[in-house]
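Below: one structure, written as structure tokens.
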2 protein chains.
Amino acid sequence: MLDDRDRKLLSLLQQDAETSVAQLAEAVNLSPSACSRRITRLREEGYILRTTAEVDRRRMGLPTTMFVLLRTSEHTADWLERLRAVAADIPEIVEVHRLTGNFDYILKIVLPNVEYYDVIYKQLVHRIRLHDVSAYISMETLKSDAPLPTHHA
Amino acid sequence: MLDDRDRKLLSLLQQDAETSVAQLAEAVNLSPSACSRRITRLREEGYILRTTAEVDRRRMGLPTTMFVLLRTSEHTADWLERLRAVAADIPEIVEVHRLTGNFDYILKIVLPNVEYYDVIYKQLVHRIRLHDVSAYISMETLKSDAPLPTHHA
DNA sequence: CGTGAAACTTTCTACTC
DNA sequence: GAGTAGAAAGTTTCACG
């Protein structure tokens with residue numbers, strides 16, 4: 001399993017994947033060679049899946065975030081796969097979950113502005129039958145892209 | 001601004017930040033040196049903020065995702081800062097937005113299991129006054145960590 | 001912007017203790 | 001695991017076309 005050093009490494013690499021092995025080694029009180037071995041192991045054992053570049057949404061002209069809560073009347077496997085396909089096709093949809101309870105699905109979407117939501121909305125309802133759609137604009141992001149907690153049993 | 005090659009590079013780097021410059025150069029039909037210059041520029045101009053390691057949630061013992069929709073009766077700056085502080089303190093809360101409309105805030109949380117939600121819930125209500133809290137369990141993730149669309153005006 | 005080459009940094013991999 | 005050292009890989013930068 002993971003010891004404290006492994007967890008620290010995962011925490012640091014989630015913040016900056018380009019930290020040199022030398023720096024990481026110092027942070028966890030290990031030699032660079034031992035540290036390098038650990039990181040290799042963390043990858044091999046699947047703790048680290050990949051590294052990704054984080055792109056500035058505003059700089060890209062996509063400052064707006066919205067959440068969409070969906071209800072459907074069709075609860076078939078076909079419908080689900082259709083939603084999956086639609087979501088995969090629309091890059092503005094960055095996250096989709098099937099939920100328990102009062103709502104069936106939640107979508108997170110990123111947009112150049114609030115008005116652009118209508119474009120996505122039309123694509124959605126055109127391609128899939130929806131019972132109820134309510135959209136919420138994120139006015140302010142208080143926390144995002146936070147690293148995962150690393151101290152669980 | 002950005003041309004097609006820049007956009008392609010951003011797209012590729014969002015999927016795998018460790019792609020070698022040689023591979024990237026080939027993908028956008030450029031020489032490695034020219035490609036390296038572009039990537040440096042994309043960083044300098046703030047398109048690329050950082051690179052992060054993506055950690056496997058399940059492997060880390062955090063397979064459960066939940067969304068929490070909040071209503072509050074206090075709409076002061078103080079309350080907002082308090083929520084920000086609480087969210088910053090609780091690593092299981094990975095995302096928080098202030099919303100328009102029917103709900104005031106949305107939280108995304110990651111947990112070892114559904115039961116653990118109670119622990120977070122208690123921390124929340126203990127530290128901040130909430131008017132209404134409803135939680136939704138993600139039963140299935142249809143899309144997540146999708147790269148940003150790169151083809152906007 | 002391309003090419004080619006050089007300089008540099010960093011990582012990986014023994015081998016030893 | 002630590003430490004060292006050598007090898008290898010990749011990146012950046014430069015001069016020049």
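Note on naming: letters A, B, ... go to the chains in the order of the sequence lines (proteins, then strands), and numbering restarts at 1 for each one. On a predicted model such as this, the values are computed, not experimentally measured, just so you know.
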Problem set entry | Donor-acceptor contact present, side-chain R59(A) to main-chain I48(B), <3.5 Å | no
Exercise. Does S11(A) reach the main-chain N or O of R7(A) with its side chain, forming a donor-acceptor pair under 3.5 Å?
Worked result: no
Exercise. Does Y47(B) have any ring pair (Phe, Tyr, Trp, His ring centres under 6.0 Å) partners at least two apart in sequence or in another chain, and if so, which?
Worked result: none
Exercise. Does the pair E74(B)/R82(B) count as a salt bridge with the N-to-O cut at 4.0 Å?
Worked result: no
Exercise. Just checking R38(A): base, sugar-phosphate only, or nothing, at a heavy-atom cut-off of under 4.0 Å?
Worked result: sugar-phosphate
[X] [atom1]: over 12 foreign heavy atoms closer than 6.0 Å:
X	atom1	result
E26(A)	CD	no
Y117(A)	OH	yes
H75(A)	NE2	yes

Exercise. Does T76(B) have any side chain to side chain contact (heavy atoms under 4.5 Å, CB included) partners at least two apart in sequence or in another chain, and if so, which?
Worked result: D78(B), W79(B)
Exercise. Residues two or more places apart in sequence or in another chain: which of them pass side chain to side chain contact (heavy atoms under 4.5 Å, CB included) with N113(B)?
Worked result: E115(B), Y116(B)
For this session: Could you tell me whether the side chains of T141(A) and H97(B) share a donor-acceptor contact shorter than 3.5 Å?
Result: yes
Exercise. From the 5' end of DNA chain D to its 3' end, which nucleotides mark the outer limits of contact with chain B, defined by a 4.0 Å heavy-atom distance cut-off (strictly under)?
Worked result: dT11(D) to dT13(D)
Exercise. Quick one: bend of the helix from dC1(C)-dG17(D) to dC17(C)-dG1(D) from 5 pairs per end, to 10°?
Worked result: 20°
Seminar exercise, completed: Whether each nucleotide of nucleotides 5-17 of chain C has a protein heavy atom under 4.0 Å at its base (B), only at its sugar-phosphate (S) or at neither (-) is summarised, 5' to 3', as ------SSB----
